[in-house]
Amino acid sequence: MADTKREIERKYEATDATRLPDLSRVAGVARVEKRGVTELDAVYYDTADLRLASHSLTLRRRTGGADAGWHLKFPVATGIRDELHEPLADTLPPSFAALLRSRLRHTEPAPVVRLLSSRDVQHLNDDDGALLAEVSVDTVLAERLAGEGAGTTATWTEIEVELADDGDPAFLDAVEKRLRKAGVRPSESPSKLARALAETAPAPKKRAKPKTDEPQTTGDHVLTYVRKQIRTIVDLDPAVRRDLPDSVHKMRVATRRLRSAFKTYRRILDREVTDPVGAELKWLAGELGVDRDQEVLDQRLGDRTEALPGTLVLGPVRGRLKVWSAARRTGSRRRITDVLDGKRYLALLDTLDALAADPPLRPAASRAPAKELPRAVLKDYEKLARRMDHALEHPPGPERDAAMHEARKAAKRARYAGDAAGPALGKPAKRFAKRVKAVQTVLGDHQDSVVARDALRTLAIEAHAAGETTFTWGLLYGHEEATADARERELPEVWARASEPVLRADLKH
């Protein structure tokens, strides 16, 4: 995997006449060290339609400086990016090609912009000589290399202040305060590439005033939600490949939200088109969840064990948990990567793009959202109500456990329906989604307890067969039984709040 660095920096406008103020007067700076001028030559790559730039991604091959090579940058937050680095080579590194596959698909990136930068660098050091931040004044020449406007150039000067590794972001505030006092202002462009693309683009042609982008019809609102989930899947692809925390879970949730939207809004989107897509999304969610459920179970049992006093942990409990978990895992990291590199997944992404670009709208899509959206949300609510009634009529036991699990699935779908309708219906839909989420949470904790108890029984049997004491396993089982009992007692009250007639009446109006 490529080397990764968290880049925290700020950019400022400058002119040929701009002079940096005395930065040794910034709090914490003991010495300003001049590092000289470095010549940088960077070629930026993208597709003809600037697909990477539209996602705020930067791919470049740069020579000159201490970090010559291929760089790939992913946005994290304003002024913060993760920069991945691979050694200098003539072709795109395979690791970068994989991380960009969800965006590039079947297209090879090509040079779009070249930036020649003369970088004058200063280091801001503390009393111990440690680097606090690097300040550079960059004189830039940009040239458009491809497409309309090829050959167009632009020049500018800018100031960059990049925080040292593991530095305190508050230090950048102190530097900015000093720069602002000297008349230096933040740049309007988030990156050199963004500025180069803007300043070398051909003059826009006069066009008719575009229609508002605000959703108007029911179809507009549903499609906004659907497109958001599609983009989330694409955006999370590199994070999953990089094994970033919670990325697999978030991608799996996006597939579920999308499938749920297809089912809830069948009057809006033709199910003859969306049903096959939903089946593929279910496949993808299944692949992503191969080891996710085991991770959740491991965390639960591990936390339960750590919460016990040491005197109650008898026998090799932690060791058995570790061995048992390892035996149940499938090497999903490699499996997931293989799935994301496979033809079936890429075909699914292409299908989702086609659906977003040319949605299979039904006649109801053109109607006002105030009528169509509540109808769809309440239909999901009614399905949830039936399942809740079925669950609550059973006495505690396996049948109630199974019925509560089915109710949990219905609660999740109703919640997603409320989330999708929220922007159009406002507070009633948001309140509905919030209260149904509370029901889902109670049902979810109950189901997790059911799964945990089954696992603990298996672990106790294995421990007994090995001649180990089963005291701790029985204790943990009892804790899970108590948790399930508490959730079952809590559920009627939580459900009553989610099923208030006033709440449903608000949603209708």
Side-chain angles (χ1 to χ4, degrees), residues 3-44 58 60-73 79-81 83-89 113-143 153-169 171-187 189-196:
D3 294 333
T4 304
K5 177 178 182 275
R6 177 61 54 88
E7 178 185 80
I8 303 176
E9 68 177 16
R10 298 182 187 180
K11 296 179 180 292
Y12 302 89
E13 301 286 351
T15 67
D16 293 338
T18 299
R19 291 188 178 183
L20 286 175
D22 182 4
L23 297 177
S24 66
R25 298 178 62 182
V26 175
V29 177
R31 186 163 64 95
V32 177
E33 179 185 355
K34 293 187 176 182
R35 305 287 292 184
V37 177
T38 302
E39 302 298 329
L40 305 174
D41 185 349
V43 175
Y44 290 76
T58 299
R60 73 185 178 201
R61 181 184 184 275
R62 189 168 77 181
T63 57
D67 62 346
W70 285 89
H71 302 158
L72 177 58
K73 299 186 181 186
I80 304 176
R81 295 186 290 184
E83 179 180 310
L84 283 66
H85 179 267
E86 287 280 17
L88 198 62
V113 167
R114 183 183 186 188
L115 296 183
L116 300 176
S117 303
S118 183
R119 170 165 289 181
D120 190 358
V121 178
Q122 297 182 10
H123 282 182
L124 307 184
N125 300 327
D126 64 13
D127 288 326
D128 297 325
L131 180 65
L132 297 170
E134 180 177 282
V135 180
S136 64
V137 179
D138 295 345
T139 303
V140 183
L141 169 63
E143 180 185 4
T153 61
T155 60
W156 69 88
T157 303
E158 68 179 35
I159 298 169
E160 281 189 6
V161 183
E162 182 174 347
L163 190 68
D165 293 346
D166 300 319
D168 182 357
F171 178 70
L172 295 183
D173 294 333
V175 176
E176 179 165 315
K177 183 177 180 180
R178 183 68 181 155
L179 291 173
R180 282 180 175 272
K181 282 185 176 180
V184 179
R185 295 290 178 261
S187 174
S189 296
S191 67
K192 286 184 175 67
L193 175 60
R195 183 164 183 172

Is any side-chain heavy atom of Val32 closer than 4.5 Å to a side-chain heavy atom of Leu124?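 Yes - at least one pair of side-chain heavy atoms lies under 4.5 Å apart.
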
Is Arg81 close to Glu9 at the side-chain level, that is, under 4.5 Å between some pair of heavy atoms? yes

Applying ring pair (Phe, Tyr, Trp, His ring centres under 6.0 Å), can you list everything that pairs with Trp156, at least two apart in sequence or on another chain?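 Not a single residue meets the ring pair (Phe, Tyr, Trp, His ring centres under 6.0 Å) criterion with Trp156.
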
Non-neighbouring partners of His123 that pass ring pair (Phe, Tyr, Trp, His ring centres under 6.0 Å), sequence neighbours left out: none

To the nearest 0.5 Å, what is the distance between [atom1] on [X] and [atom2] on [Y]?
X	Y	atom1	atom2	answer
Ser117	Glu158	OG	CD	7.5 Å
Thr155	Leu141	OG1	CG	7.0 Å
Leu84	Leu72	CG	CG	5.5 Å
Thr153	Leu116	OG1	CG	10.5 Å
Leu193	Leu115	CG	CG	7.0 Å
Arg114	Arg61	CZ	CZ	10.5 Å

According to side chain to side chain donor-acceptor pair (under 3.5 Å), who are the partners of Arg6, at least two apart in sequence or on a separate chain? Asp82

For Ser118, which residues count as a side chain to side chain donor-acceptor pair (under 3.5 Å) partner, sequence neighbours excluded? Glu39

Which residues pass the salt bridge (charged side-chain N to carboxylate O under 4.0 Å, His left out) test with [X], not counting sequence neighbours?
X	value
Asp126	none
Asp128	none
Arg62	Asp67
Arg35	Glu33

Could you list the donor-acceptor pairs under 3.5 angstrom formed by side chains in residues 159-168, with sequence neighbours left out?
{"unit_1": "Glu160", "atom_1": "OE1", "unit_2": "Arg119", "atom_2": "NH2", "d": "3.4"}
{"unit_1": "Glu160", "atom_1": "OE2", "unit_2": "Lys11", "atom_2": "NZ", "d": "2.3"}
{"unit_1": "Glu160", "atom_1": "OE2", "unit_2": "Lys192", "atom_2": "NZ", "d": "2.5"}
{"unit_1": "Glu162", "atom_1": "OE2", "unit_2": "Lys5", "atom_2": "NZ", "d": "2.5"}
{"unit_1": "Asp168", "atom_1": "OD1", "unit_2": "Ala170", "atom_2": "N", "d": "3.0"}

Heavy-atom closest contact ([X] atom, [Y] atom, distance):
X	Y	result
Trp70	Pro87	CD1-O, 3.6 Å
Val121	Ser136	CG2-CB, 4.1 Å
Ala30	Asp127	CB-OD1, 3.1 Å

Tell me, please, which residues at least two apart from Ser189 pass side-chain contact (heavy atoms from CB on, under 4.5 Å).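 With sequence neighbours excluded, Ser189 shows a side-chain contact (heavy atoms from CB on, under 4.5 Å) to Ser187, Arg195, given in chain and number order.
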
side-chain contact (heavy atoms from CB on, under 4.5 Å) partners for Ala68, two or more places apart: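 Ala68 satisfies side-chain contact (heavy atoms from CB on, under 4.5 Å) with no other residue.
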
Can any side-chain N or O of Arg31 pair as donor or acceptor with the backbone N or O of Gly129 at less than 3.5 Å?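 Looks like no, no N/O pair under 3.5 Å.
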
Under 3.5 Å, which donor-acceptor pairs link side chains of residues 178-186 to any protein atom two or more places apart or in another chain?
{"unit_1": "Arg178", "atom_1": "NE", "unit_2": "Asp22", "atom_2": "O", "d": "3.3"}
{"unit_1": "Arg180", "atom_1": "NE", "unit_2": "Glu176", "atom_2": "OE2", "d": "3.1"}
{"unit_1": "Arg185", "atom_1": "NH1", "unit_2": "Arg180", "atom_2": "O", "d": "3.1"}

Take Val29 and Leu132 through the side-chain contact (heavy atoms from CB on, under 4.5 Å) test and state the conclusion after the steps. CA-CA 8 Å; Val29 177; Leu132 297 170; 4.1 Å; yes

